[in-house]
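Note that ligands are numbered from 1 as they come in the structure, with each ligand's atoms numbered from 1 the same way. Sequential numbering from 1 along the given sequence is applied to the chain's residues. What you are looking at is a predicted structure, and each value in this text was computed from that prediction instead of being measured.
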Amino acid sequence: MTSQANQGDLEIDPSPLLAVLNELHSQYKLLREGAVAKYIPELAKVNPELFSICIVTVDGQIYKVGDYEQLFTIQSISKVFAYGLALEDHGLDYVLTRVGVEPTGDAFKAIILDEQSKRPYNPMVNAGAMSDDKPLRVYATTSLIKGFGPTERLNRMLDMFRRYIGRDVFVDISVFTSERSTGHRNRAMAHLMLNFGMIDRNIEEALDLYFQQCAVMVDCQDLAVMAATLANRGINPITKEQAVNKHYIKDILSVMYTCGMYNFAGEWAYKIGIPAKSGICGGIIAVVPNKMGIGVFSPLLDVRGNSVRGVKVCEELSQRLCLHLFDCSGQEAKFD
Ligand code: DON
């Protein structure tokens with residue numbers, strides 16, 4: 001196991017926080033419950049043993065253990081950041097007319113729209129993540145991400161990820177094409193939205209952008225830096241670049257809190273108590289506002305599509321560091 005704490009190039013002494021991460025890593029690497037996602041053939045090839053944990057504080061300290069340099073595709077975690085970009089592009093009022101903010105209690109892939117408004121329930125489920133921009137036809141097609149044509153939209157999305165992560169990012173072409181050629185369920189959902197007039201016309205283009213967004217390559221430290229950026233009012237704590245307008249942080253964190261863990265969101269909010277988002281890749285991000293971002297990567301998933309080890313690690317971190325947002329037990333947050 002590799003473990004390290006660094007700030008830029010400076011090695012600093014192992015801290016109590018790093019000791020906690022090392023302990024959790026040793027403890028939970030023995031946990032082999034769950035299974036890797038197989039419905040996208042390329043994802044099934046991942047090594048199930050991979051496991052990393054990273055914390056990045058809002059003052060830019062990095063604590064990481066395990067396979068933190070291993071790249072994987074971001075999958076549904078990307079929905080958080082795409083939602084932020086849609087809010088910046090259109091403002092909250094308009095985005096709310098296209099995508100709701102109600103938890104579904106259903107699986108991420110459930111083929112459902114709000115009966116009354118015909119909107120997807122929230123931006124964290126697949127239909128919400130693909131929502132289209134029908135009234136603003138000037139942007140020609142597909143998602144709420146603005147841009148003249150698919151290339152510009154893709155580039156704007158990649159640039160958004162660059163701001164959060166602090167380096168250029170790339171789409172894994174094998175995962176993208178693997179999902180594009182097998183993503184019939186998402187295609188069915190897109191057709192349902194077309195039927196209700198929530199997607200304008202070019203379904204394949206909307207799906208392509210969504211599949212590309214899901215296939216962006218990240219590592220565990222990237223996840224923690226992205227989460228720390230949300231914890232730090234939208235400013236990347238390493239590069240100091242503003243990744244997203246700070247006015248939208250509360251909107252992003254609110255839907256993460258209520259909808260980010262799919263049909264586990266209620267229990268997560270109850271037990272762990274911090275905004276989070278999981279992906280079928282095995283990644284989880286969790287945001288402790290004004291303190292830190294947490295990233296965990298382990299591809300073994302439970303039946304809801306959340307990383308088994310990731311959920312356990314976040315649960316323990318929340319308890320040990322008193323991170324639950326509503327913990328009023330009188331104890332000062334141990335992290336402070
Ligand atoms: O829409 C899909 O099927 C995937 N590209 C993303 C799904 C995902 O990560 C759901 N997360 N738990």
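Ligand 1 is never approached by F211 to a heavy-atom distance shorter than 4.0 Å.
Defined by atom type and a distance below 3.5 Å, a donor-acceptor pair is present between the side-chain atoms of Y262 and S76.
Counting heavy atoms from C-beta on, the side chains of Y164 and N236 never come closer than 4.5 Å.
Contacts with ligand 1 closer than 4.0 Å are made by heavy atoms of both the backbone and the side chain of S76.
Within ligand 1, counting atoms from 1 as listed, the ones closer than 4.0 Å to a heavy atom of Y39 are 2 (C), 3 (O), 4 (C), 6 (C), 7 (C). In the vicinity of G305, heavy-atom distances shorter than 4.0 Å reach the ligand 1 atoms 12 (N). Residue contact check: G279 has heavy atoms under 4.0 Å from atoms 9 (O), 11 (N), 12 (N) of ligand 1.
Distances from atom 2 (C) of ligand 1 to the heavy atoms of Q75, Q213, E179, K277 put E179 nearest.
With salt bridges taken as basic N to acidic carboxylate O contacts below 4.0 Å, one links R32 and E49. No salt bridge links R180 with E204; every basic N to acidic carboxylate O contact stays at or beyond 4.0 Å.
Inclusion of N186 in the set of residues having an N or O under 3.5 Å from an N or O of ligand 1 is warranted.
Judged as a side-chain hydrogen bond (donor to acceptor under 3.5 Å, both in side chains), and not counting sequence neighbours, D219 has no contacts.
Sorted by first and then second residue, the salt bridge (charged side-chain N to carboxylate O under 4.0 Å, His left out) pairs with a member in residues 220-243 read R162-E241, R167-D222; sequence neighbours excluded.
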